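To start, the structure under review is shown below, and the notes come after it.
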Amino acid sequence: MHNKEPLAMADRVKFKDLSPEEKQDYRDRLRHSTAHVLAEAVTKLFPDAQLTIGPPIEDGFYYDFAVPEAFTPDDLNKIEKEMRNSIKANTEFSERETSRDEALELVRDNQYKVEILEGIPADERVTFCSHSDGAFEDLCRGGHMARTGDIKAYKLLSTAGAYWRGDENNAMLQRIYGTAWESRDAQKDYLKRLEEAEKRDHRKLGRQLGLFFFDPIAPASPFFLPKGAQVMNGLIEYVKELYGKYGYQEVMTPQIFNTDLWKKSGHLDAYAENMYFVEVDEREFGVKPMNCPAGAMIYAADSHSYRDLPMRLADFGRLHRNERSGVTHGLTRVRSFVQDDAHIFCTLDQIGDEINSFLQMLNEAYETLGFESYRLELSLRPEKRVGSEEMWDSAEAALTEILDASGVEYEAESGEGAFYGPKIDIFVPDAIGRDWQLGTVQLDFSLPERFDLEYAAEDGSRQRPVVIHRAMYGSLERFLGVLIEHLSGAFPLWLAPVQAVVVPIADRHIDYCHNVGDELESAGIRVVVDDSNDRMNAKIRQAQLQKVPYMLVAGDQEIEAGTLAVRTRTGENIDPMTVAEVSTKFLRQIAERS
RNA sequence: GCCAACGUAGCUCAGUGGUAGAGCAGCUGUUUCGUAAACAGCAGGUCGGCAGUUCAAUCCUGCCCGUUGGCUCCA
């Protein structure tokens, strides 16, 4: 949207009649315009503030200011009020082109704008945009509404520190986030959506559902309660089932290793800042942040021939990574976690099949778990890396080829790869739309080299295998966090920590309920009999809040008929069933993972 | 790591320069109930930690720990 004329919404054209592209353009302009009005208000209230950038973003906008002191929540109110004046005045947005010299003269007191100006390609126009009858002007490439009065709904949401150009070596600016919409209703809907998402926050639900908790004694490291552990194990069991189908073998490896191993693997050079070290008997050990070196040792423990390959070794080992303090977040970014990790040792020729088969398994798992849409990203060589340029060239080429041939859409990101190889990452959004990397498949030409891994080829020569690191869930902790948000904590029957609660209506029904409970339990169903001294209504409510899939109610009528009244957590009442019928129904549903 | 906010009972939160309260949960008792909260009583807190200011600090100040929001969707 370079150097576009200001947009006036013709009176007869309704927002809802615009095409998706036009809607996006309209909202971008609206939000960028609001950012300008924000900048004007800040300039008025804080004359020392220097303007930097203020782009539209998804659902809103931000503007970064260089100010001596951070904004307070109260400042936001004042700024919002000031913005109102400008919008009420309903002045025109206008743009004018200047020469570079003139522009430089106008922004010379603002190093940030000078930098921006210097970054504008020589063949591009330099423009300034203004409103409030010229009282406010900002170096800007354009893309506005026609008038300030076109801003119908806006709200400042939060402040945050943000580095200039996102680089922590640069000065920290103060960012104000806001949102703006084509109508008050649209904004209301958005704020409502945010509220709803908050209810699905996995940290909140984790508490409420008794799944896990955190304690400062082990920062960013979850404690899983019995129910949470049950769900984690459910996820692991499912992977193990898939492993049976896709030809994996499981191994188990140590937790801490002499630092010599990390020297050999390259982690000491490339990853030490994220590792934990312990010294025992004057020898230094590193706690594993990844399983791969141990996997390489397992491979190297025996001699192999091409007939053994591909060898797929799964390792559910616990990993520890010392993440920077500011980046940890609930279950989605922790310091101690488990992955559904596996290393595939194969020949160059087998890479394509292995990755394709992995992506197929991943798709099967994600469909089962209800992640119907996920995003693929191809990450290419980072600055800090091991291995030769030739190795990187061929590894990147291999992944690109596979993705192109598969026909699925993906984005390529340079500089995002692991230090030992390029990778394909799988991303899924959480409740408020933040993307989290879950699955991953990474090529590694370096590990086999470093551990001198070999296999005997058909012609008797010794060859180096390739290693593919891969995980579907990635971190099980993170996966669970995102899964909780997707499901609002309502796990499918097969994963639910408690699959059914048996509810007696009065004390005289308790014995019958216990018998029912015992029978279902021995059939392998996770069932709880609520024999507490509460009224039935309270028990139903309790089970409902705990998102238990089924409530089995028994009173005089049921005992008489030898049945159970079945209620689902969606509030539906199914026809009464015998215990045997309930058991059959549940077991089938569990087996199908439906 | 950096910027900002926050940290009070198991949980969610109120509150004050004179050593603290509610609801829920818990325990005890009463009640025996038909699909989202019966009633009563009891118990529960070094107010995140350490210093400092003060006659007196949960409240003010500093440091530390932890949590939360954010830290390139580029004029």
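These figures come from a predicted structure and were not determined experimentally. Just so it is clear: chains get the letters A, B, ... in the order the sequence lines come, proteins before strands, and each one is counted from 1.
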[X] has a side chain; which of [options] sits nearest to it?
| X | options | answer |
| --- | --- | --- |
| A/N533 | B/rU35, B/rG70, B/rU30 | B/rU30 |
| A/L545 | B/rC3, B/rU68, B/rA36 | B/rA36 |
| A/A160 | B/rG69, B/rG1, B/rU32 | B/rG69 |
| A/A538 | B/rU68, B/rG1, B/rA37 | B/rA37 |
| A/E168 | B/rG1, B/rU68, B/rC73 | B/rG1 |
| A/I540 | B/rA4, B/rA36, B/rC74 | B/rA36 |
| A/P216 | B/rC3, B/rG66, B/rU32 | B/rG66 |
| A/A220 | B/rU67, B/rU32, B/rC73 | B/rU67 |

Checking A/H202, A/K204, A/R200 against A/E485 for side chain to side chain donor-acceptor pair (under 3.5 Å), the one that qualifies is A/H202

Tested for side chain to side chain donor-acceptor pair (under 3.5 Å) against A/Q544, the lone hit among A/R567, A/K539, A/R569 is A/R567

Rounded to the Å, how far apart are [X] [atom1] and [N] [atom2]?
| X | N | atom1 | atom2 | value |
| --- | --- | --- | --- | --- |
| A/D64 | B/rC73 | CG | C1' | 13 Å |
| A/R141 | B/rC73 | CZ | C1' | 11 Å |
| A/I510 | B/rU32 | CD1 | P | 14 Å |
| A/R335 | B/rU67 | CZ | C1' | 12 Å |
| A/D25 | B/rC73 | CG | P | 20 Å |
| A/L76 | B/rG69 | CG | C1' | 13 Å |
| A/K539 | B/rG34 | NZ | C1' | 12 Å |
| A/I559 | B/rG34 | CD1 | C1' | 13 Å |

Rounding to an integer number of angstrom, what distance separates [N] and [M] when you compare their [atom1] atoms?
| N | M | atom1 | result |
| --- | --- | --- | --- |
| B/rA4 | B/rU8 | C1' | 22 Å |
| B/rG21 | B/rU58 | C1' | 13 Å |
| B/rC63 | B/rG23 | P | 39 Å |
| B/rA9 | B/rC71 | C1' | 36 Å |
| B/rU53 | B/rA37 | C1' | 49 Å |
| B/rC60 | B/rU30 | C1' | 50 Å |
| B/rC39 | B/rC65 | C1' | 44 Å |
| B/rU19 | B/rG34 | P | 49 Å |

Does [X] reach a base, just sugar-phosphate, or nothing at all? Heavy atoms under 4.0 Å.
| X | value |
| --- | --- |
| A/R535 | base |
| A/N537 | sugar-phosphate |
| A/I53 | sugar-phosphate |
| A/L173 | nothing |
| A/P219 | sugar-phosphate |
| A/H509 | nothing |
| A/V503 | nothing |
| A/A565 | base |
| A/F71 | nothing |
| A/G210 | nothing |
| A/Q542 | nothing |
| A/D556 | base |

Check this for me: does the side-chain of [X] come within 3.5 Å of the base of [N] through a donor and an acceptor?
| X | N | answer |
| --- | --- | --- |
| A/Y163 | B/rG70 | no |
| A/R207 | B/rC11 | no |
| A/R541 | B/rA37 | yes |
| A/E558 | B/rG34 | yes |
| A/D167 | B/rU72 | no |

Should [N] form a Watson-Crick or G-U wobble pair with both distances under 3.5 Å, which nucleotide is its partner?
| N | result |
| --- | --- |
| B/rG10 | B/rC24 |
| B/rG17 | none |
| B/rC39 | B/rG29 |
| B/rU68 | B/rA4 |
| B/rC60 | B/rG52 |
| B/rG44 | none |

Centres of the A/F479 and A/F371 rings: under 6.0 Å?
yes

Rounded at 0.5 Å granularity, tell me how far CZ in A/R478 sits from NE2 in A/H329.
10.0 Å

Are A/R333 and A/W436 in a cation-pi setup, meaning NZ or CZ lies under 6.0 angstrom from the ring centre and within 45 degrees of the ring axis?
no

Dump the intermediate steps for ring pair (Phe, Tyr, Trp, His ring centres under 6.0 Å) on A/F46 and A/F65, then the final yes or no.
CA-CA 10 Å; A/F46 304 88; A/F65 303 95; 8.6 Å; no

Identify, between A/T72 and A/D201, the residue whose nearest nucleotide on RNA chain B lies closer to the 5' end.
A/T72

Nearest-nucleotide check on RNA chain B, A/W164 vs A/M536; residue mapping nearer the 5' end is A/M536

When every non-hydrogen atom of A/V516 is compared with those of A/V579, the smallest separation belongs to CG2-CG2, 3.9 Å

Testing A/Y26, A/F61, A/Y154 for side-chain contact (heavy atoms from CB on, under 4.5 Å) with A/R31, which one passes?
A/F61

Near A/K23 NZ, under 6.0 Å, is it more than 12 heavy atoms from other residues, nucleotides or ligands?
yes

Assess whether salt bridge (charged side-chain N to carboxylate O under 4.0 Å, His left out) is satisfied between A/E196 and A/K199, documenting all intermediate values.
CA-CA 5 Å; A/E196 289 299 316; A/K199 287 186 199 152; 3.3 Å; yes

